[in-house]
*Asks:* 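Handing you this structure, nothing more for now.
Hydrogens, waters and symmetry mates play no part in the numbers below; they use all other heavy atoms, side chains included.
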Amino acid sequence: MSARRLLLAALAWAFSLGAALGQGAADQSVGGILRLNLDDGPRLVAGVLVRIATPDGTAVGEARSDARGAWSVGLPAAGRYLVRLDPASLPSDLALRQGASGTLTIDVGSGEQAIVLFPLVLQGAVDRSDGPSIASRVLQSLVDGLVFGIVLAIAAVGLSLVYGVTGIVNFGHGDVVSFGALLAAFLNAAAGGPQADLFLAAAGAVALASVLGIPLEGLFRGVASRARDHFTILVFSIGLSFVLRHALLFVAGPFNQAYRQYQLQELYRLGPVVIAPRDLAVAIAAVLILVAVGFLLLRTRPGWAMRAVATNPGLAEQSGINVRRVQRLAWVLGTALAAAGGVLLAVSQQARWDIGYQLLMFMFAAVILGGIGTAFGALLGGLLIGVIAQASTLVVPPELKPVVAMVVLVATLMIRPAGLLNRARRVG
Amino acid sequence: MTAILADALRAVLSTETAIFTLLAISLNLQYGYAGLLNFGQVGYMMVGGYGVAITVAVLGGPFWLGVVVALAASGMLSLLMGLPTLRLRADYFAIASLVIAEALRLLARSRWLEPLTGGVDGLTRFADGFFRGNPFSGSYTLGPWRFTADQLLVLAVAWVAVAAATLLVWRLVRSPWGRVVRAIREDEDAARAVGKPVFLYKMQCLVLGGVLSSLAGVLLAVHQQHVDPEAYLPVVTFYAYTGLILGGAGRTLGPVVGSAAFWLVLAATDSVIGRYGADAVALSAQQLATVRFMLVGLVLILLLRYRPDGVFARGRAA
């Protein structure tokens, strides 16, 4: 058994431990896993001493982390405890993260299996002397950015398609993304669900979500028929997104939902960059979907009809195209793409009720950068935004990625509001 | 029953309602009259609140300077949102305003700006300058309600601000300036064709509405004596839209009546649930909050679907 395999087995065990801790026996305990994430995977830390005491200093128990980095101490009663990591017992190359306390206070409820984590870092990691070189970090962020960008592109193409054909900016598009992701999680991993294979679950989620396009089209048509102006439709769309998002929160709860397969994998190493097989699979699936959409738009009659309606609805109608039907098709295709993007995103990020809403800012940036209403612009914009946002994490903290997307969006509007692929023309 | 009524009334007359009404008035100016779809209204509140908080609590300036900074910041935000988008179709401004407001919130809570904004914890202790020279003292009892002097001061200032803003908007939209603004909403090309500088008028509406929202933000910060990023979620903007559309956009009293009705219904529902027990509906507090958000959204979309001019509209608004 190679060392890496051992590591993976340990990680799998850690996950099952986590699950067991979650379900739990009747008695309360406190435990955790001592690990740190290195560039080439997690490292589990064995032999570290953890002491538990009551707030007044009475010792309750102690434990040493085992080969898998896990430790656990049973507690006599519910209440407040101090958990102290003995720094002297850490391996010499490891330390607590600067500013992190080695003593943590925790309130344990009756029957609760509390989990305590200590942030560990490599000793002297700050000088990055043994970290990856700048060039390889740039390459790595390029690869990560392309994977994110191509998934983003799928969802953004859907947004742009609906806009191009119907003239409606659907602010609820992000919530359709979440809907797809959660639906797949239900089909794939939910306790009461069908436990379908991830591939089947994804296909099922996309198919089911695409049906949502029909009532959406009807709703927006109803509002448009009554609305005094275009503004009303936009406010309607944001209200709808609000309802949809909170319906998802109500049904699915505020938790992350992971898919069953593809949780733990060895990383492929290509020269200086690493990629998880699941990300590679996601990227390949995304490329296939995009090729299929491109084929549909460029080589099939419904695709021609959609592009015709997008270019000039009046003329399209005059030449015998059933505009209403084409618009419904655009809604169905748009929601299907949103759901597909959601599933692919959730394979690496886990499904959550607001995963798509978080993506919305990136989608808007992508669509506007590429040229709103153009499917291929959204594709290009998605890729660019993915790479730019990921590359920005080399300089700014990752939580500010949406801010970077915002900056690109504003810059596009200042310099070339029609976007990269639209002909430069008045859009006002 | 009377208890529920008292709860609801209290909510309607509260400082929060006044602040939301101010927000709805500013939205009315932008959306109702000028046709600016500002989905990032809450961003203005945020720069207002943080403008005061940072100036006073971090930089040690006086309170009045904080208000000046807050208003200046809202002007800058108007430029950021307006310059790239106001010459374009309405959709672009809607998108940009939503994205910019959310980006600002993420910036405020980032570790990067933590020395300035206090990060996730936010800032406190900046409102003393506001309460210095409070003409009220002691505590006051009004029917079933009791206020401390400080609470009463914020309450009074907030409602005076609502009255002043209503009056201001009422005067403005009936002026020649207001006629141009309404013409732009109805037909932008026509307004441009007769030589009106459309961009300039839109920008003025954006700045003016932004100043009002920013003031609402200052008041909220003073009222809570605390600012943190989670107070400026996009939800706030949706609430303001719901209130505005409930009362009727493009009417002077629309936002006032609408906000009052909105908070009345919301508080009454909360009160019923609070008194007759959340157990009766078998939902956790978190689920209840979610249901509440869903209902607000539902009200908004049903209004837009069936009564786009507000519940009190007789025919079409002018």
*Asks:* Could you tell me if A:D175 and A:S178 have a donor-acceptor pair between their side chains, going purely by distance under 3.5 Å?
*Replies:*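 Per modelled atom types, A:S178 and A:D175 side chains form no pair under 3.5 Å.
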
*Asks:* Between B:N28 (side chain) and B:G250 (backbone), is there a donor-acceptor pair under 3.5 Å?
*Replies:*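 Between the backbone of B:G250 and the side chain of B:N28 there is a qualifying donor-acceptor contact (under 3.5 Å).
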
*Asks:* Determine whether the aromatic ring centres of residues A:F171 and A:F242 are separated by less than 6.0 angstrom.
*Replies:*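 No; A:F171 has its ring centre 6.0 Å or more from that of A:F242.
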
*Asks:* Taking the six-membered ring of A:F148 as reference, does the NZ or CZ atom of A:K401 fall below 6.0 Å from its centre and within a 45° cone about the axis?
*Replies:*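 Output yes; distance and angle both within limits.
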
*Asks:* Under 6.0 Å between ring centres: does that hold for B:Y241 and B:F39?
*Replies:*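 Between B:Y241 and B:F39, the centre distance is under 6.0 Å.
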
*Asks:* Which bit of A:I238 is near chain B, if near means a heavy-atom gap under 4.5 Å: side chain, backbone, both or neither?
*Replies:*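 Both backbone and side chain.
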
*Asks:* Less than 4.0 angstrom from a charged side-chain N to a carboxylate O is my criterion; do B:R105 and B:E102 meet it?
*Replies:*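 Answer for the salt bridge query: yes.
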
*Asks:* Does the side chain of B:S78 come under 3.5 Å of the side chain of B:Y44 through a donor N or O and an acceptor N or O?
*Replies:*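 Distance-only check passes for B:S78 and B:Y44.
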
*Asks:* Using a cut-off of under 4.5 Å for heavy-atom pairs, which of B:L106, B:V198, B:L37 has the most such pairs with chain A?
*Replies:*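 Top option by heavy-atom pairs under 4.5 Å: B:L37.
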
*Asks:* Counting heavy-atom pairs under 4.5 Å to chain A, which of B:L36, B:L83, B:T85, B:L98 comes out on top?
*Replies:*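 Of B:L36, B:L83, B:T85, B:L98, B:L98 has the most heavy-atom pairs under 4.5 Å with chain A.
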
*Asks:* Taking every non-hydrogen pair under 4.5 Å, which of A:V169, A:V235, A:V403 racks up the most with chain B?
*Replies:*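 Winner by heavy-atom pair count: A:V235.
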
*Asks:* Can you find a side-chain donor-acceptor pair between B:S110 and A:E399 that sits under 3.5 Å?
*Replies:*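 No pair is found: no donor N or O on one side chain lies under 3.5 Å from an acceptor on the other.
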
*Asks:* Less than 6.0 Å separating the ring centroids of B:F293 and A:F250?
*Replies:*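 No.
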
*Asks:* Would you mind checking which part of A:L360 comes under 4.5 Å of any heavy atom in chain B, side chain (CB onward), backbone (N, CA, C, O), both or neither?
*Replies:*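 Side chain only.
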
*Asks:* Do you know which of B:I245, B:T237, B:V235 has the most heavy-atom pairs with chain A at a distance under 4.5 angstrom?
*Replies:*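 Answer, by heavy-atom pair count under 4.5 Å with chain A: B:V235.
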
*Asks:* Decide, yes or no, whether a salt bridge links B:D228 with B:R109 under the criterion of side-chain N to carboxylate O below 4.0 Å.
*Replies:*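 No, no charged N to carboxylate O under 4.0 Å.
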
*Asks:* Could you have a look at A:A247, A:A405, A:S237, A:G167 and say which one has the most heavy-atom pairs with chain B under 4.5 angstrom?
*Replies:*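 Looking at each option in turn, the highest pair count goes to A:A247.
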
*Asks:* Think B:R182 forms a cation-pi with B:Y33, using NZ or CZ under 6.0 Å from the six-ring centre and within 45 degrees of its axis?
*Replies:*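 No cation-pi geometry.
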
*Asks:* Sort by residue number and list every residue of residues 296-305 of chain B having at least one heavy atom under 4.5 Å from chain A.
*Replies:*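 Only B:G297, B:L298, B:L300, B:I301, B:L304, B:R305 of residues 296-305 of chain B have a heavy atom under 4.5 Å from chain A.
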
*Asks:* Is A:F220 in contact with chain B via its backbone, its side chain, both, or neither, using a 4.5 Å heavy-atom distance?
*Replies:*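 Looking at A:F220, nothing touches chain B.
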
*Asks:* Charged N to carboxylate O under 4.0 angstrom, A:R221 versus A:E217?
*Replies:*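 Salt bridge between A:R221 and A:E217, a charged N being under 4.0 Å from a carboxylate O: yes.
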
*Asks:* I need the residue from B:M81, B:R111, B:R185, B:R292 with the largest number of non-hydrogen atom pairs under 4.5 Å to chain A.
*Replies:*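 The answer is B:R185.
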
*Asks:* Between A:L234 and chain B, with a heavy-atom cut-off of 4.5 Å, which part of the residue counts as in contact: side chain, backbone, both or neither?
*Replies:*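 Backbone plus side chain of A:L234, per the 4.5 Å heavy-atom cut-off to chain B.
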
*Asks:* Report which part of A:I368 has an atom under 4.5 Å of a heavy atom belonging to chain B: side chain, backbone, both, or neither.
*Replies:*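 Just its side chain gets close to chain B.
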
*Asks:* Between B:G35, B:P234, B:A90, B:A289, which shows the greatest number of heavy-atom pairs under 4.5 Å with chain A?
*Replies:*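 If we count pairs closer than 4.5 Å to chain A, B:G35 comes out on top.
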
